[in-house]
Amino acid sequence: MIDARLLRDDPDRIRAAQVKRGLSPDVVDRALAADEARRSAIATYESRRAEQKSLGKQVAQAQGEEKTALLARTKALSAEVKELEAAQGAAETEWDEALRSIPNPAADESPAGGEDDFVVLEHVGTPREFDFEPRDHIELGRMLGAIDLERGAKVSGSRFYFLTGIGAQLELALVNMAMDQARNAGFTQVIAPSLVKPRAMEGTGFLGQAADDVYRIEGEDLYLVGTSEVPMAAYHSDEILDAGALPLRYSAFSPCFRKEAGSHGKDTKGIIRVHWFDKVEMFVLTTVEESYAEHQRLLAWEKEFLDKLELAYRVIDVAAGDLGLSAQRKFDCEAWIPTQGKYRELTSTSNCTDFQSRRLDIRTRGESGNTPVATLNGTLTAITRTIVAILETHQQADGSVRVPEALRPYLGGLEVLKPVS
RNA sequence: GGAGGCGUCGCCUAGUCCGGUCUAUGGCGCCCGCCUGCUAAGCGGGUUUGGGGCUACAACCCCAUCGAGGGUUCAAAUCCCUCCGCCUCCGCCA
């Protein structure tokens with residue numbers, strides 16, 4: 001949620017931010033009106049309530065006739081206070097809803113516009129040239145006995161898969177490699193719950209427009225997370241952190257579940273777009289001032305991981321309209337997928353500044369009151385897409401796959417993945 | 001799943017039976033000051049969080065906050081209901 005003071009002091013800035021994301025600025029006026037109504041409701045309620053309290057004290061000491069008279073007055077007042085309290089609550093709710101519906105204003109550097117308006121920041125490595133017809137990851141996965149899509153569909157439906165044999169080993173290797181890198185960089189490793197309460201989902205901004213993509217457990221007040229950003233953001237909710245402890249860096253492993261609503265027909269084959277995958281995610285809490293530099297660090301760690309896998313990729317600056325509710329700026333690393341002839345998102349890092357921490361009440365003690373911290377997240381490895389990129393990029397003519405050197409220690413020194421049949 | 005116990009402003013704790021003097025007690029820790037060769041001790045003061053008013057975003061005043069949400073009442077930490085969490089025992093289980 002945005003800073004209410006910013007909305008009051010500089011509403012034009014929020015209006016401009018809305019337009020930059022391709023959204024209507026009307027919500028600003030709705031919020032401002034709600035704020036005014038709320039404050040006047042609070043003032044009315046509180047003055048009557050104060051009166052009620054002071055009368056209550058007199059009642060306690062009064063005797064006889066005086067007491068009877070006081071009771072008559074305070075009884076009427078009581079009903080009024082109750083009404084005013086309800087009115088105040090309603091005004092508060094309206095204000096809260098308006099405020100919460102406003103996304104984090106994009107950074108000045110973020111390109112304006114929607115999904116296609118990203119800016120390419122850099123290319124790393126060059127897409128490999130093949131002197132044979134490259135196979136897609138589906139065929140390679142089948143030849144290697146690594147990916148079983150048919151049985152995934154049989155058991156769980158479309159967009160599900162089993163990783164088997166070397167496929168399963170690959171996942172564990174990638175997870176360990178990611179966790180090692182993170183630990184060496186000072187991250188605390190975490191295995192996070194993938195079922196969370198509404199508060200966590202709402203606090204991270206996934207129950208707004210993004211709610212269609214979220215699985216809810218029937219009959220329970222629980223959601224399946226789409227990323228461990230959700231449990232990790234909520235991890236320190238309602239806490240006041242010691243400023244000296246920042247930054248707090250976590251690398252969290254969890255499964256991720258996504259309905260993929262509205263993507264029917266897209267990436268229907270293979271494991272590019274699935275309802276479930278595992279992921280190692282970096283999550284950082286720091287000060288807003290430090291968050292911009294930290295964002296660059298997260299990007300650097302993502303690039304380091306992709307470099308070790310010897311992948312060709314580009315980094316894009318995601319446009320304002322494609323940032324999601326919480327992010328102020330987002331960089332995606334997109335790896336070259338040979339059989340698709342294009343770059344596909346493998347990792348993504350967002351600076352959510354104090355947007356999530358305001359909703360989740362995560363702050364540090366400051367000299368002039370407590371201030372919300374900044375939260376940032378970045379993918380180290382989303383297993384399925386990483387496997388796609390590795391298989392397709394490092395395949396050889398016979399269907400075997402060369403293992404990038406950095407990954408070998410995590411596969412018992414294995415240099416080549418060989419077809420099983 | 002069953003039975004019982006518990007949840008108070010960083011930590012511990014008094015208060016809850018019997019509603020008003022609770023503006024929530026005391027200790028520890030922490031902060032400021034005093035005292036003091038130094039340290040320790042001692043003395044005095046302060047120390048939840050969120051919101052509103054007024055403002056310099058200070059000071060000050062007010063409202064809410066005793067796990068959460070409802071209810072009863074002129075008045076709720078205290079009485080009633082629902083929920084959540086923790087502990088102990090039993091059952092079941094990876």
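Per chain, numbering begins at 1; letters A, B, ... match sequence-line order.
- Nucleotides B:G2 and B:C80 have their P atoms positioned 22 Å apart, rounded to a whole Å.
- Look at the C1' atom in both B:G27 and B:G15: the space between them is 16 Å, to the nearest Å.
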Identify the pairs formed between an N or O of the protein and an N or O of nucleotides 71-76 of chain B at a distance under 3.5 Å, and give each distance.
residue: B:U72; atom: OP2; partner: A:K82; partner atom: NZ; Å: 3.2
residue: B:C74; atom: OP1; partner: A:K75; partner atom: NZ; Å: 3.0
residue: B:C74; atom: O3'; partner: A:S78; partner atom: OG; Å: 3.3
residue: B:C74; atom: O2'; partner: A:T74; partner atom: OG1; Å: 2.9
residue: B:A75; atom: OP1; partner: A:S78; partner atom: OG; Å: 3.0

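- For the pair A:L299 and A:H295, the minimum side-chain heavy-atom distance is 4.5 Å or more.
- Atom P of B:A68 sits at a distance of 13 Å from the matching atom of B:G7, rounded to the whole Å.
- Ion pairing between A:D212 and A:K259 fails under the 4.0 Å rule for side-chain N and carboxylate O.
- Residues A:D332 and A:S348 bring a donor and an acceptor atom of their side chains to less than 3.5 Å of each other.
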Give me the distances for all protein-to-nucleotides 52-56 of chain B N/O pairs that come in under 3.5 Å?
residue: B:G52; atom: OP1; partner: A:R38; partner atom: NH2; Å: 2.5
residue: B:G53; atom: OP1; partner: A:R39; partner atom: NH1; Å: 3.4

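- Taking atom C1' in both B:C43 and B:C35, the straight-line distance is 8 Å, to the nearest Å.
- In this structure, A:E304 places its CD atom where more than 12 heavy-atom neighbours from other residues, nucleotides or ligands lie under 6.0 Å away.
- A:K154 and A:D148 are not joined by a salt bridge, as no carboxylate oxygen comes within less than 4.0 angstrom of a charged side-chain nitrogen.
- Among the protein residues, A:L77 comes within range of no part of the nucleic acid, since none of its heavy atoms lies under 4.0 Å from any strand.
- Comparing A:E51 and A:E92, the nucleotide of RNA chain B nearest to each residue sits closer to the 5' end for A:E92.
- Within the nucleic acid shown, A:R48 has no heavy atom closer than 4.0 Å to any nucleic acid atom.
- The only member of A:T379, A:T381, A:T347 that meets side-chain hydrogen bond (donor to acceptor under 3.5 Å, both in side chains) when paired with A:E302 is A:T347.
- With respect to A:D267 and A:R159, no salt bridge is recorded, no charged nitrogen being found less than 4.0 Å from a carboxylate O.
- Closest-nucleotide positions on RNA chain B for A:R5 and A:K57 were compared, and the one nearer the 5' end corresponds to A:K57.
- The residue from A:L195, A:V230, A:L207 that alone fulfils the side-chain contact (heavy atoms from CB on, under 4.5 Å) condition with A:Y223 is A:L207.
- For RNA chain B, none of the residues of residues 192-202 of chain A falls under the heavy-atom distance limit of 4.0 Å.
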